[in-house]
Amino acid sequence: METLTRRLFLSGVALMPAGAVLAACSDGGGRTETPSDSSSGGAIEATTASASTSSGPVVLESVWKGAALTTRVGPAVVQGGYTVVKLSMSTDSAERIPVNTMLGAGVDMFTMAAARLISLRDKVAYIDVQSRVDGLASPLDGGSSRELFAVFGGLPDGTESVEMFLPNVGVALGVPVVDAASAGFDVTAAIADAKIDEDIHSGPFELNSLVVAADRSSDTEKDDVSTTVNVSGDVLFATDSAELSGKADEMLGLVVEQLELYSSGGELAITGHTDDVADDAYNQGLSERRAKAVSDRLGELTALSGWETTVSGKGESEPRVANDSDENRQLNRRVEIVLTPTDPSEASPTTPDAGSAGGSGDMPEPKGPVGRGPDGVEIEIDGVLARISLDSVTRYEGYLIGTVKISSDQEVRVPLFLLQIPDDLLFDRMWSSYAATGCTLLKGKSRYLVVDFTDSNEEHRVLGGLLHDNLTANDVRSVPVVWPDTGEDTVTMDMIGEDDTFGQHLAVRLTDIPVSEV
């Protein structure tokens, strides 16, 4: 089990409940305020999540510990190499609300360790650099408000708007970036008062989109520069063989679809990998022969004249996971195909799934209850009835953003790993085992995982939340999630469940979730 440190939780958190969320979207419950609205406390509904023309904040409505909470996000200001984002939290509840665990992933309770500044347009994320945030330590008194400042690395010149990911609250889309004179707060003082930890590397870190086959025979990862397709060696070849199987063409067809997205070609690297069974020399030779077989067949399936192709084998030297079980050895037996196109922009931002992980076809059978996302589904948590729902998702800059909601009329003890994805997928990415990685979008035989990024410690962090606190009576917990775009008008969210090292995870399927456009 991973050590509970700030570094561990800098990015691993995930998703839930029904109730309020996306920012600056007519269907998402978010709002932006004009300068006059901000001063008077009023709010005007916005119809898009694009950058606001005013310096007013984006407004998120949520529930925390059973109390309604309003969070105003923005504006953002770049000064002195830092980006400062103003957050104002208020409640009409008569009860005091503890907020110290809400933004720090439940572990770093005096920080915003789980908050993210993201630019979906630029496909990057930033981490808050403060070792402590004044104002998080004490509860929010009923009927009061509190002003907080999140501090990140400096945004590039000319950035007009950004997004803000707040666990247990939502995702604020189109937060305006303004100059200090238009900020409405003392930016210099905010930076001077911040407890900045110079050892924290804020970013930017590239966002990665990962799609896997529902039968786990392949996976595809995309970033701004390249596409990496891993195909199971057990699907492509018989044991100890470099002769392609009858199913190989179907799997290589996924690679062909990716190649044909880029008419200008580029660089193509094909690498064979094995497990640690047999000796090093044998595995090295087998991996080379398998890579050569894949390269030859791809050349027969599509023209590779525009691609500078390299073929190699790594034997057992670069496993994805430890070779300590039959399941892990199966993951390590693979052929990795990396496409680095000359012009990445030739592929549409809404086609990350093109042939990516199993193609079209019937979805796998659900492992738990099934219902429409907006209606929600009844589930059981630690013997108590609760409800999970996803009202809608919003398409924005090649991503889908939604807030899963979990609600209960009674107090519920929440198991720490309730929302986790099964071990084989969790360890493939080496995600924090506490992150709610289990909320996937299912399209045919392809499973879209939560968007992630790799921080300066080479750890994968997800853009999702963590259901780390017990639910109180009449609570509605909001957990925002960012996924790759499936290109559909409605989506299906599927949680796989399954028993593994950490116990039983939630299994549920939500269908007919509408996609709104921004």
Side-chain angles (χ1 to χ4, degrees), residues 21-24 30-44 46 49 51-62 64 69-91 97 99-100 102-104 110-119 125-138 140 144-155 159-196 202 480:
V21 265
L22 285 185
R31 309 192 291 273
T32 57
E33 294 179 349
T34 65
S36 59
D37 293 323
S38 181
S39 61
S40 65
I44 295 177
S52 172
T53 56
S54 76
S55 61
V58 173
V59 180
L60 300 174
E61 304 287 354
S62 59
W64 179 249
L69 187 69
T70 298
T71 304
R72 291 171 170 81
V73 184
V77 181
V78 181
Q79 181 173 294
Y82 296 104
T83 302
V84 182
V85 184
K86 179 182 176 182
L87 304 176
S88 179
M89 308 179 77
S90 61
T91 180
I97 302 177
V99 296
N100 56 351
M102 190 166 60
L103 301 178
F110 304 127
T111 75
M112 294 190 190
R116 308 280 177 261
L117 184 69
I118 52 180
S119 172
Y126 297 80
I127 290 171
D128 185 277
V129 296
Q130 298 174 93
S131 60
R132 181 184 179 91
V133 177
D134 291 338
L136 281 180
S138 58
L140 182 63
S144 69
S145 62
R146 179 168 302 159
E147 191 174 273
L148 305 170
F149 294 98
V151 182
F152 305 89
L155 292 167
T159 303
E160 297 181 352
S161 67
V162 290
E163 288 70 57
M164 188 77 175
F165 176 96
L166 296 173
N168 304 297
V169 179
V171 180
L173 303 179
V175 176
V177 179
V178 303
D179 58 31
S182 306
F185 64 91
D186 189 334
V187 180
T188 301
I191 295 175
D193 293 341
K195 310 300 188 296
I196 295 175
S202 182

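When reading the values below, keep in mind they use all heavy atoms of this one structure, side chains included, and skip hydrogens, waters and symmetry mates.
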Item to check | Nearest heavy-atom neighbours spanning G174 and V58 | outcome: O-CG2, 4.0 Å

Item to check | Shortest non-hydrogen contact between V178 and P75, atoms and distance | outcome: CG2-CB, 3.8 Å

Checklist outcome for this item: Closest non-hydrogen contact found for A190 with V84 is CB-CG1, 4.1 Å

Item to check | D128 (side chain) donor-acceptor with A150 (main chain) under 3.5 angstrom | outcome: no

Next on the checklist: Is there a side-chain contact between L117 and F165 in this structure, where contact means two heavy atoms from C-beta onward sitting under 4.5 Å apart?
Outcome noted: no

Checklist entry - Testing T70, T71, V169 for side-chain contact (heavy atoms from CB on, under 4.5 Å) with E61, which one passes? => result T70

Checklist entry - Which pairs pass salt bridge (charged side-chain N to carboxylate O under 4.0 Å, His left out) with one or both residues in residues 144-153, sequence neighbours excluded? => result K86-E147

Next on the checklist: Could you work out, with ring pair (Phe, Tyr, Trp, His ring centres under 6.0 Å) as the rule, every residue matching F149, not counting sequence neighbours?
Outcome noted: F185

Next on the checklist: Is it the case that the side chain of S145 and the backbone of S90 share a donor-acceptor pair, with hydrogens and angles ignored and the cut-off at 3.5 Å?
Outcome noted: no

Checklist entry - Just by modelled atom types, is the L69 backbone N or O under 3.5 Å from a matching donor or acceptor in the T91 side chain? => result no

Checklist entry - If you look at every heavy atom in G56 and P176, which pair is closest and at what distance? => result O-CG, 3.4 Å

Checklist entry - F152 and V85: side chain to side chain contact (heavy atoms under 4.5 Å, CB included), yes or no, with the steps? => result CA-CA 8 Å; F152 305 89; V85 184; 4.2 Å; yes

Item to check | I191 CD1 to Q79 CD distance, which is reported to the nearest 0.5 Å | outcome: 4.5 Å

Item to check | CD-CG distance between Q130 and L148, expressed to the nearest 0.5 angstrom | outcome: 9.0 Å

Checklist entry - Looking only at side chains, do S119 and E163 share a donor and an acceptor under 3.5 Å apart? => result no

Checklist entry - What's the spacing between N168 CG and L60 CG if we round to 0.5 Å? => result 12.5 Å

Checklist entry - Under 4.5 Å between any side-chain heavy atoms of L166 and V73, yes or no? => result yes

Checklist outcome for this item: Nearest heavy-atom approach of K195 to D134 is NZ-OD2, 2.7 Å

Checklist entry - From M102 CE over to L136 CG, what is the distance, rounded to the nearest 0.5 angstrom? => result 8.0 Å

Next on the checklist: When you measure from the side chain of T159 to the backbone of S161, do you find a donor-acceptor pair of N or O atoms at a distance under 3.5 Å?
Outcome noted: no

Item to check | Closest approach of A76 to V162 (non-hydrogen atoms, all atoms of both residues) | outcome: CB-CG2, 4.4 Å

Next on the checklist: Within this structure, what is the CE-CG distance for the pair M112 and L87, rounded to the nearest 0.5 Å?
Outcome noted: 5.0 Å

Item to check | Interatomic distance, L155 atom CG to S202 atom OG [nearest 0.5 angstrom] | outcome: 9.0 Å

